[in-house]
Novice: 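My structure is below; once you've seen it, I'll send some questions.
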Amino acid sequence: MSDSEQRQLHVPYREYNSHNSTNPATLVETDALVDLSVTPNSNVILANGQPLDLLPEVEFAPSLSVDQTTAIDSPGTDRESQPLLGRLELDVTYNRFPDDPQFSELVWQAECAIDNGIFPQRIYQGSSGSYFVKNPAGKIIGVFKPKDEEPYGRLNPKWTKWMHKLCCPCCFGRSCLIPNQGYLSEAGASLVDRKLGLGVVPNTRVVKLVSKTFNYVRIDREKARMKQAILDQFPAVASHFNRIGLPPKIGSFQLFVDGYKDADYWLRRWESEPPPPHLAKQFQLQFERLVVLDYIIRNTDRGNDNWLIKYSPGSPKNGTEGEVKIAAIDNGLAFPFKHPDSWRAYPYHWAWLSQAKLPFSETTRELVLPQLSDHNFVQDLCDDLYLLFKQDKGFDRHHYDKQMSVMRGQILNLQQALKDSKSPVQLVQMPAVIVEKAKGNGAPRLFSFSDTFTQRFQNKSPFFSWC
């Protein structure tokens with residue numbers, strides 16, 4: 001950098017401009033080109049004889065209320081109380097993912113559709129409040145599952161789970177899972193899928209959306225209606241409200257996949273009409289990736305109705321070979337903090353398929369074994385899951401460490417099964433292992449190469465268990 005360049009710097013500063021006494025002060029950020037070679041007292045004489053001060057005049061902001069200060073200086077504070085419509089003036093990073101611009105664009109399309117009156121549509125299957133999200137053209141682009149509308153969430157619109165919770169308060173839910181964190185499991189399964197390069201989970205992230213078709217308590221709807229009426233009649237008064245409209249909901253947003261059907265549909269059809277050998281081999285490879293995913297995250301709800309198959313047999317006359325793909329959806333009941341040890345074992349239902357009796361292929365071993373054998377990769381995976389899980393307001397570090405202990409044990413078993421060329425059936429019959437970080441006498445610290453882990457087997461088995 002030359003001397004002249006060193007003496008000129010762009011200095012950002014904030015200036016409040018108030019055009020009249022009725023309008024509040026507005027914040028304007030700009031850059032000032034400051035020549036550092038001129039002393040503060042130096043002036044430049046213009047042609048009219050008036051001096052020009054080279055340093056910009058910066059007016060100090062007037063005293064702000066607590067709400068105004070939070071909105072301007074701390075847009076990340078209590079973002080759940082911020083509005084969806086018009087929030088971009090406060091936080092341009094809201095619902096944005098710099099590492100995945102395509103996903104950010106789809107979420108942006110969903111927000112634009114909601115702003116234009118194309119609202120998400122509730123899915124009436126399942127036990128939770130989930131919604132098909134559309135783009136401005138009305139096409140379904142994703143599935144949104146709010147946290148507070150999960151099977152045992154306080155705003156779950158499905159009466160079956162409400163009756164279950166009301167009539168059997170002592171025996172609902174799954175004792176090995178953290179309640180009402182299914183949306184994190186959905187996003188966590190997608191994260192594991194991306195890290196391992198499996199490609200069987202549709203891209204899933206945690207977002208916040210608001211729509212009048214979501215399930216809200218009556219008081220929220222009345223407050224939103226009242227504020228909107230005040231805004232229409234008295235805009236100046238309504239400008240002091242923190243939020244106009246319904247509060248946004250946090251949940252998982254999973255991309256919608258086209259052309260897929262329930263696995264049970266194709267599995268039954270293939271019993272009478274088997275696919276060609278090359279497609280059967282392709283399906284076997286996809287199936288093994290599903291097994292790897294489910295075993296690592298210890299999915300407790302993998303039936304044949306919550307994973308999908310896209311099958312195109314192709315045509316030799318047209319020169320098309322066809323394809324088979326698997327989509328692993330409904331991953332909300334995963335990442336337990338302990339192995340099932342009460343009434344149910346929650347087995348993997350794919351273990352009864354004929355494909356589960358074949359040893360893992362060399363292709364699958366080459367894909368995942370080098371990564372699972374790398375301690376740094378496993379730790380990076382745990383760190384990424386930590387950044388994801390800690391977004392929840394009820395995040396508990398102790399439970400998170402237990403979840404990672406179970407996952408590390410699953411990875412250890414899977415690693416050994418791949419080395420020994422075992423089959424998925426033999427994998428699920430291996431003893432349940434928990435790998436815990438050795439406890440130290442000092443305060444908790446970050447991972448280092450000196451960290452040691454201990455492993456132990458779970459002794460207590462579920463009452464109803466098949467293996």
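Residue numbers start at 1 and run along the sequence shown. FYI, side chains are in, hydrogens and waters are out, and symmetry mates aren't considered; it's all heavy atoms of this structure. Model, not experiment: these values are computed from the prediction.
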Novice: What pairs with K139 under side chain to side chain contact (heavy atoms under 4.5 Å, CB included), at least two apart in sequence or on another chain?
Specialist: N135, D258
Novice: With no hydrogens and no angle check, is any side-chain donor or acceptor of E186 less than 3.5 Å from a backbone partner on N331?
Specialist: yes
Novice: For the pair H399 (side chain) and L177 (backbone), establish whether a donor and an acceptor sit closer than 3.5 Å, ignoring hydrogens and angles.
Specialist: no
Novice: Test of understanding: with side chain to side chain donor-acceptor pair (under 3.5 Å), list the residues that count as partners of D99, not counting sequence neighbours.
Specialist: R205
Novice: For the pair K281 and E321, find out whether any cationic side-chain nitrogen is under 4.0 Å from an anionic carboxylate oxygen.
Specialist: no
Novice: Counting only N and O atoms by type, is there a donor-acceptor contact under 3.5 Å from the side chain of N413 to the main-chain atoms of P431?
Specialist: yes
Novice: With distance as the sole test, does T204 use its side chain to make a donor-acceptor pair with the main-chain N or O of P202 at under 3.5 Å?
Specialist: yes
Novice: Do the numbers put R302 on top of the ring of Y346, so that NZ or CZ is under 6.0 Å from the six-membered ring centre and no more than 45° off the axis?
Specialist: no
Novice: Give a yes or no on whether the backbone of N376 and the side-chain of D374 come within a donor-acceptor separation of less than 3.5 Å.
Specialist: yes
Novice: Looking at L198, is its backbone amide N or carbonyl O close enough to the side chain of R289 to form a donor-acceptor pair, meaning the two atoms are under 3.5 Å apart?
Specialist: yes
Novice: I'd like to know if the side chain of E150 reaches the main chain of G182, judged simply by a donor and an acceptor atom lying under 3.5 Å from each other, with no hydrogens or angles considered.
Specialist: yes
Novice: So, the side chain of N95 versus the backbone of K208: is there a donor-acceptor pair under 3.5 Å, distance only?
Specialist: yes
Novice: Tell me whether the NZ or CZ atom of R397 lies within the 45° cone about the ring axis of Y386 and under 6.0 Å from its centre.
Specialist: yes
Novice: Does the distance from a Lys or Arg side-chain N to an Asp or Glu carboxylate O, for D401 and K437, drop under 4.0 Å?
Specialist: no
Novice: Would you find a donor on one side and an acceptor on the other, under 3.5 Å apart, between the side chain of S185 and the backbone of L333?
Specialist: no
Novice: Could D262 and R268 be called an ion pair, given the rule that one side-chain N must be under 4.0 Å from one carboxylate O?
Specialist: no
Novice: Considering residues at least two apart in sequence or located in another chain, which fulfil the side chain to side chain donor-acceptor pair (under 3.5 Å) criterion with N215?
Specialist: none
Novice: Spell out, as yes or no, whether a donor-acceptor pair under 3.5 Å connects the side chain of N306 to the backbone of D301.
Specialist: yes
Novice: For Y216, is the NZ or CZ atom of K249 found under 6.0 angstrom from the centre of its six-membered ring and inside 45 degrees of the ring axis?
Specialist: yes
